[in-house]
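Here is the structure we will look at, set down as structure tokens.
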There are 2 protein chains.
Amino acid sequence: MNEPAGKTTGDTRSRILDAAEVLFMDHGFDGTSMRMITSRAAVNLAAVNYHFGSKELLIQEVFRRRLTDLNKARLAALDVLEAEAGEVPIKPSRIVDAFFGTALRMAADVEGGGHTFMCLLGRTYTEPNEFVRQFLAEEYAECVERFLAALYRALPEVERKEILWRFHFMMGAMSYAIAGTDALQLVTGKFDDEDPSQLAPRLMSFLLGGLRSPLAEAGPPK
Amino acid sequence: MNEPAGKTTGDTRSRILDAAEVLFMDHGFDGTSMRMITSRAAVNLAAVNYHFGSKELLIQEVFRRRLTDLNKARLAALDVLEAEAGEVPIKPSRIVDAFFGTALRMAADVEGGGHTFMCLLGRTYTEPNEFVRQFLAEEYAECVERFLAALYRALPEVERKEILWRFHFMMGAMSYAIAGTDALQLVTGKFDDEDPSQLAPRLMSFLLGGLRSPLAEAGPPK
DNA sequence: GTATGATTCAAACAAACGTTTTAATTAATC
DNA sequence: GATTAATTAAAACGTTTGTTTGAATCATAC
């Protein structure tokens with residue numbers, strides 16, 4: 001009557017989402033037409049408007065689908081850390097890993113589309129589309145709030161403003177490391193073995209080094 | 001007969017370039033139409049095709065115009081360092097400053113459009129438009145080559161592969177710091193005083209911390 | 001002043017865009 | 001099996017896209 005799984009019912013929706021995810025990542029929102037999406041998903045042109053309402057709402061759903069899980073995983077990791085720690089402060093490196101490491105593990109999932117999505121997310125950070133931006137801000141609000149609070153507690157001697165800056169820098173290094181298409185052919189080509197699993201430890205080390213670096217102005221390195 | 005300066009002759013070209021630069025930064029290449037450009041520049045619609053040939057060639061010229069100067073300035077700074085040093089190795093922090101500091105100083109120039117361009121450049125790194133990508137790679141080739149060589153010499157004990165990775169990470173942190181539209185409203189709003197001059201010292205400190213951070217695998221911190 | 005080349009202009013081009021419409025088809029309910 | 005709702009299909013909608021055209025305007029040189 002119906003096929004075993006994942007090919008018939010409600011399948012149109014996910015086929016569209018999967019196709020859109022890849023195409024948005026490759027060509028951006030404006031560079032991806034409805035016809036590109038529906039033809040890649042092998043569905044009718046009208047299907048997107050039927051299932052999602054509009055192109056903008058489709059974009060929103062592409063992000064929501066994965067971002068909810070990602071930020072849940074991040075918060076769950078933070079919950080574990082805080083439960084384990086009790087009253088003693090948490091090591092900053094653990095907090096950084098809960099936030100950035102979780103994202104990196106998602107980005108390492110090539111088969112399931114996690115990698116594609118993280119690339120898309122990374123390029124969206126620098127694409128100031130007002131519509132997407134506001135959506136991202138709302139979707140991230142709670143998660144960022146809690147992680148910043150955790151970092152504030154973990155680094156009570158560092159000015160909060162400085163922590164904000166460094167969190168910002170870490171976001172950038174991670175986004176670019178994942179999504180940066182290596183426009184300058186820096187990494188690509190210079191060494192061919194492109195094992196995605198090599199990225200995470202290297203990036204984490206870099207992020208922590210940056211986080212721990214002595215502050216620029218006024219404060220001596222101590 | 002003719003106005004004092006910069007308003008009449010050959011002005012159409014630069015008016016188009018200036019308008020395109022801002023619009024590309026705000027809306028991306030596909031999100032910016034010829035009509036948006038020409039109307040902002042207050043020139044006729046056909047002017048772009050007349051002066052540049054096509055939209056793609058206009059994009060190319062928008063980059064070429066500033067990138068040539070930027071990379072010249074970087075190489076000049078490196079020349080000075082190498083001349084001063086003679087045979088003794090150059091401090092990595094000086095090399096990093098010659099590359100990233102030069103870019104940051106360009107980004108600090110808001111009036112002259114340097115800031116706009118650096119934002120555009122930053123968002124382009126994560127926009128894998130094949131056309132622009134290849135152009136950027138060629139435009140950057142010599143500069144990246146020489147700076148990497150300088151870093152290799154300055155850090156002879158560090159594997160070259162690791163230096164490549166860290167250069168890549170630094171590119172990301174800088175791009176995002178400048179171009180990142182702060183999609184998560186991390187920095188914006190959390191502290192209102194948004195003085196662009198505050199960015200450079202903070203970022204440089206972060207970059208150097210990341211660069212000096214102990215390597216992830218196999219190697220003990222020493 | 002007239003001729004020449006460069007530039008600007010308004011208008012139009014075909015192609016592609018997101019969306020809507022109406023009919024055909026499928027799935028589920030009675 | 002008939003009825004109803006959900007989904008898919010093909011075709012068309014009006015706009016907007018990048019580009020081209022041919023005449024009008026400008027500056028310059030003879």
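Convention: sequence-line order gives letters A, B, ...; per-chain numbering from 1.
As rounded to whole Å, 12 Å separates atom P of D:dT17 from atom NE2 of B:His27. Between the CZ atom of B:Arg13 and the C1' atom of C:dT7 there is a distance of 13 Å, rounded to whole Å. Rounded to an integer number of Å, the gap from CD1 of B:Ile59 to C1' of D:dT17 is 14 Å. Protein atom CG of A:Asn49 is 14 Å distant from nucleotide atom C1' of D:dT8, rounded to whole Å. In this structure, the CE atom of A:Met34 is 6 Å from the P atom of C:dG18, given to the nearest Å. Rounded to an integer number of Å, the gap from A:Phe52 CZ to C:dT20 P is 16 Å. Going from atom CZ of A:Phe24 over to atom C1' of C:dG18 covers 12 Å, rounded to whole Å. Here the C1' atom of nucleotide D:dT19 and the NZ atom of B:Lys55 are 12 Å apart, to the nearest Å.
Nearest-nucleotide positions on DNA chain C place A:Gly31 closer to the 5' end than the other of A:Gly53 and A:Gly31.
Proximity of A:Tyr125 to A:Tyr176: side-chain heavy atoms (C-beta onward) are nowhere separated by under 4.5 Å.
Comparing D:dT8, D:dT20, D:dT19 by their nearest atom to the side chain of A:Asn44 picks out D:dT8. Taking every side-chain heavy atom of B:Arg35 into account, D:dT19 is the closest of D:dA11, D:dT19, C:dC9. The nucleotide whose nearest atom lies closest to any side-chain atom of A:Tyr50 is, among D:dA6, C:dT19, C:dA11, D:dA6.
In this model, the phosphate group of D:dT17 is approached by a side-chain N or O of B:Ser33 to a distance below 4.0 Å at OP1 or OP2. Put simply, B:Thr12 has a side-chain N or O that comes within less than 4.0 Å of OP1 or OP2 on C:dT8. Contact check, B:His51 against C:dA6: no side-chain N or O comes under 4.0 Å of OP1 or OP2.
Using a 4.0 Å heavy-atom criterion, one finds that B:Thr38 contacts no nucleic acid atom at all. As judged by a 4.0 angstrom heavy-atom cut-off over every strand, A:Ala46 is placed among the base-contacting residues.
Salt bridge A:Asp18/A:Arg65: present, at least one basic N to carboxylate O contact under 4.0 Å. Ionic pairing of B:Asp79 and B:Lys72 is not present here: no N-O contact between side-chain nitrogen and carboxylate oxygen is shorter than 4.0 angstrom. Contact check on A:Arg64 versus A:Glu139 returns no salt bridge, with no Lys/Arg side-chain nitrogen under 4.0 Å from an Asp/Glu carboxylate oxygen.
For the ring pair (Phe, Tyr, Trp, His ring centres under 6.0 Å) with B:Phe167, the qualifying choice from B:Phe99, B:Phe147, B:Tyr152 is B:Phe99, the only one to do so.
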